[in-house]
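Taking it in order: structure first as C-alpha cells, then the write-up.
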Amino acid sequence: MIHLSFIREQPDKVRKGAKNKGEVIDLDSLLNLDNEHRSLLNSLNELRAERNRVSEEIGKTKGTGKDALDSIQAMKKVSQQIKELEEKVGVLAEQLNSKLLRIPNLPHDSVPIGKNVEDNVVIREWGDEHQFDFTPKSHLELGASLNLFDFERGAKISGSGFPLYIGKGAKLERALINFMVDMHVDQYGYTEVFPPFLVRREAMVTTGQLPKFEEDMYHTEVDDLFLIPTAEVPVTGIHGNEILEEEDLPIKYVAYSACFRREAGSYGKDTHGLLRLHQFNKVELVKYVTPGSSYDELESLTAQAESVLQALGLRYRVVELCTADLSFASAKCFDLEVWAPGEKKWLEVSSCSNFEGFQARRGNIRYRREDNRKVECVHTLNGSGVATPRLLVALLETYQREDGRVEIPEVLQPHLGIKELA
RNA sequence: GGAGAGAUGGCAGAGUCCGGUUGAACGCGCCGCACUCGAAAUGCGGUUUACUCUUUUGAGUAACGGGGGUUCGAAUCCCUCUCUCUCCGCCA
C-alpha cells in the first residue's frame, strides 16, 4: 500500500497515478477519515496519559499505607471514557485501513502513460521468425495427434480449463519445470523453495490479490484458505513481519507451483487448448532487495526470465506495460511474449514486476540499513520464469515438422530422455 | 482426532505463583568513543518498533504470539483464537 503520510502530503500525485492506471479512487473520503481518526486519537492519548500518571500515583500512595479512593473514583470515569473512545478510534482505523488497501500502487515515472493495451511499448525482440515450408499446425492438433493431453477428460474430472497431460505430454511438462528451476538455481543463484499451495488471507493481502480481487480466487470455505494464483503469494509471504539485515539482501527465490485462477470475467477469451486455464504450472522468481537497487534488479530479473526462452530457442519480444495495463500492485512491469507460429500470436508467458515498497508495507517486510542501522521497507519484485502452458504451445508449434513430429530442443533433452516427440 | 507443555526485545533468557517508576534484569550480538602502529583483549557510553504532536530539541501513546475481559493500574489474573513442541491414535 501507499504510505498514509505520502497520501496526506502529496494527494495529487496519488490521484494522478491512479488515474493513469485507470483506477477510480476516492481520496477525499480517505483523507477526511484520516483527519477524524487522528483528532480522536489525540484525545484518546491525552486521556490515557492522564490515567497512566494518576494510576502511578495511586500505586505510590498505597505503598505509603494511605488510601486513594478519590483518585480511583475519578479514574473509573476516565477509563470509561477511554473505552468508548477506543471503540470509535478502532472503527475508524479499520475503515481507514480498508480504504488504504484498495489504493493501487503508483506507476514509476518511467512508465509510458497509456489508455489501454494498445499503448504498451515493445522494447526489444529476440530470435527470427521460424520459416516453415508447410502450414504449421496449432498445438491442439499436434497435441491430439501426438497424444500429449486430453482436454475432454480433464473437463470431465474438473471442468474446462483443467488440462490433463498424458504420457510424453506429462513428462514434457515436468521436464520444462525441472529445466527452468535448475537453470535459475545453477546459473543465477536463486534459492529453490517449494511453497504451500494454500495460503491464509494475510499472504493474499500482502501481494495485493486481496481485498480487491477476492472473486478471482479459489477459496476453501471451512478453513478460510486460498488456492494460490501464483507462487508469488507464498514466496513473498516467507519474510512477512520480519526485519532482514541489509547484508542478506538481495534474497532471491525460485519456486515451482501450480497456479489456480477462477478467471472470472474472462469467459470466451482464449478458450481453446492451453491458452487460458484455471490450473497451470509456473516457475516463479521472487526477489527482496534494497530500494536503491530495485530497478537494476528488475532489469536482471527480466533478463533471467528471457534467458529461458533463449535457451529454448524461442522467438519472443519484451513489452513494457503502459500505465493502463499495469496491475494493481505493480510500479513497473515488463511482459515477455513468445511467438506461437500455429496460433500466429504473441503469447504472454511472463510478467516481471517491481512492486517497490507496496507489498513490503502491506506485509511489513523490512530490513535494517547497514549505514545508519535504521529500519525501512524492502522492495519486492517477481517474475515468471516462466509459465508452462503457453510455453508448451510455442515449443510444439515452433519445433514441429511436416511429418507431425516435434523436435525437442537440445537443452531439454537431458530432462526428457528423448530427442523428438513422435 | 485425544492428552499435555509453551509463545517475552536482533539472539539467548529472567520476570508470570504474591498485578503498581519493568519498554522490560543478566549475558551475547550490534554501534560509538578510549587504549593500540594496527588488531585482539579491556574500559566507558549507546542500542526496539509503530503512530501522534512539535520548526529543531523534545513530549505523549501503544506493543511481552493475536483478540477480548477483570482492575484506578496487566508481561503478570480470566476467557478465546492462532502457532510451536512432546506423547498417543490415524495416515501418504
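Proteins come first, then strands; the chains are lettered A, B, ... in the order of their sequence lines, and each starts at number 1. Side-chain atoms are counted along with the backbone in the values below, which use heavy atoms only and exclude waters and symmetry mates.
- For B/rC87, the paired nucleotide is B/rG2, the pair qualifying as Watson-Crick or G-U wobble because both relevant distances are below 3.5 Å.
- Mapping A/Arg51 and A/Ile243 onto RNA chain B by nearest heavy atom places A/Ile243 closer to the 5' end of the strand.
- Side-chain N/O atoms of A/Tyr295 and A/Ser110 include no donor and acceptor closer than 3.5 Å.
- Checking B/rA7 for Watson-Crick or G-U wobble geometry (two distances, each under 3.5 Å) identifies B/rU82 as its partner.
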Exercise answer: donor-acceptor pairs, residues 319-326 of chain A side-chain atoms, under 3.5 Å, sequence neighbours excluded:
residue: A/Glu320; atom: OE2; partner: A/Lys332; partner atom: NZ; Å: 2.5
residue: A/Thr323; atom: OG1; partner: A/Asn20; partner atom: O; Å: 2.9
residue: A/Thr323; atom: OG1; partner: A/Gly114; partner atom: N; Å: 3.0
residue: A/Thr323; atom: OG1; partner: A/Gly114; partner atom: O; Å: 3.4
residue: A/Asp325; atom: OD2; partner: A/Asn120; partner atom: ND2; Å: 3.0

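- Between A/His3 and B/rA50 there is no side-chain polar atom (N or O) within less than 4.0 angstrom of OP1 or OP2.
- Residue contacts shown for A/Arg200 are limited to sugar-phosphate atoms, with no base heavy atom under 4.0 Å away.
- Considering only side-chain N and O atoms, A/Arg38 lies nowhere under 4.0 angstrom from the phosphate OP1 or OP2 of B/rC51.
- As judged by a 4.0 angstrom heavy-atom cut-off over every strand, A/Val375 is placed among residues touching the sugar-phosphate backbone only.
- When both pairing distances are held under 3.5 Å, B/rG19 makes no Watson-Crick or G-U pair with any nucleotide shown.
- Atom-to-atom, CD of A/Glu36 to P of B/rU52 comes out at 16 Å; the value is rounded to the nearest Å.
- The base-pairing partner of B/rG60, taking Watson-Crick or G-U wobble contacts with both distances under 3.5 Å, is B/rC51.
- Between B/rA75 and B/rG69, the distance separating the two P atoms is 15 Å to the nearest Å.
- The salt bridge (Lys or Arg N to Asp or Glu O under 4.0 Å) with A/Glu376 is formed by just one residue from the set A/Arg366, A/Arg369, A/Arg368; it is A/Arg369.
- What separates CD of A/Glu247 from C1' of B/rG29 is a distance of 12 Å, to the nearest Å.
- Where A/Lys76 and A/Asn45 each meet RNA chain B at their nearest nucleotide, the meeting point lying more 5' is that of A/Asn45.
- Within 4.0 Å of A/Arg8, counting heavy atoms only, lie sugar-phosphate atoms of the nucleic acid but no base atom.
- Within 4.0 Å (heavy atoms only), A/Lys77 reaches no atom of the nucleic acid at all.
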Would you be so kind as to tabulate the donor-acceptor pairs closer than 3.5 Å made by side chains of residues 36-43 of chain A, with sequence neighbours excluded?
residue: A/Arg38; atom: NH2; partner: A/Asn35; partner atom: OD1; Å: 3.2
residue: A/Ser43; atom: OG; partner: A/Ser39; partner atom: O; Å: 3.1

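- A/Tyr367 and A/Tyr288 have their aromatic ring centers separated by at least 6.0 angstrom.
- Across the strands present, B/rU76 finds no partner; the criterion is a Watson-Crick or G-U wobble pair with both atom distances under 3.5 angstrom.
- Not one side-chain nitrogen or oxygen of A/Lys62 sits closer than 4.0 Å to the OP1 or OP2 atom of B/rU21.
- OP1 or OP2 of B/rG73 has not a single side-chain nitrogen or oxygen of A/Arg48 nearer than 4.0 Å.
- Neither OP1 nor OP2 of B/rU71 sits under 4.0 Å from any side-chain N or O of A/Ser79.
- In this structure, the nucleotide among B/rA50, B/rU21, B/rG20 sitting nearest to the side chain of A/Lys60 is B/rU21.
- Base pairing analysis places B/rA92 opposite nothing; no Watson-Crick or G-U wobble pair with both distances below 3.5 Å involves it.
- With a 3.5 Å ceiling on both atom-pair distances, the Watson-Crick or G-U wobble partner of B/rG32 is B/rC44.
- A side-chain N or O of A/Tyr316 and one of A/Gln310 form a donor-acceptor pair less than 3.5 Å apart.
- One finds a side-chain N or O of A/Asn52 lying less than 4.0 angstrom from the OP1 or OP2 phosphate oxygen of B/rA62.
- Atom CD1 in A/Ile82 sits roughly 11 Å away from atom C1' in B/rG73 (whole-Å rounding).
- At a threshold of 4.5 Å between non-hydrogen side-chain atoms, the residues A/Leu4 and A/Arg8 count as touching.
- One atom, CD of A/Glu50, and another, C1' of B/rA62, lie 18 Å apart when rounded to the nearest Å.
- Rounded to an integer number of Å, the gap from CD of A/Glu86 to C1' of B/rA62 is 10 Å.
- Across all strands shown, nothing is found opposite B/rG38 as a Watson-Crick or G-U wobble partner with both distances under 3.5 Å.
- Residue-level contact check: A/Ile58 touches the bases, meaning some heavy atom is under 4.0 Å from a base atom.
- Nucleotide B/rC51 holds its P atom 10 Å from the CG atom of A/Asn364, rounded to whole Å.
- For A/Ile365 and B/rA50, the CD1 to C1' distance is 17 Å, given to the nearest whole Å.
- The separation between A/Asn42 atom CG and B/rU52 atom P is 9 Å, rounded to whole Å.
- When distances are taken from the side chain of A/Glu56 to each of B/rG69, B/rU21, B/rU52, the shortest belongs to B/rU21.
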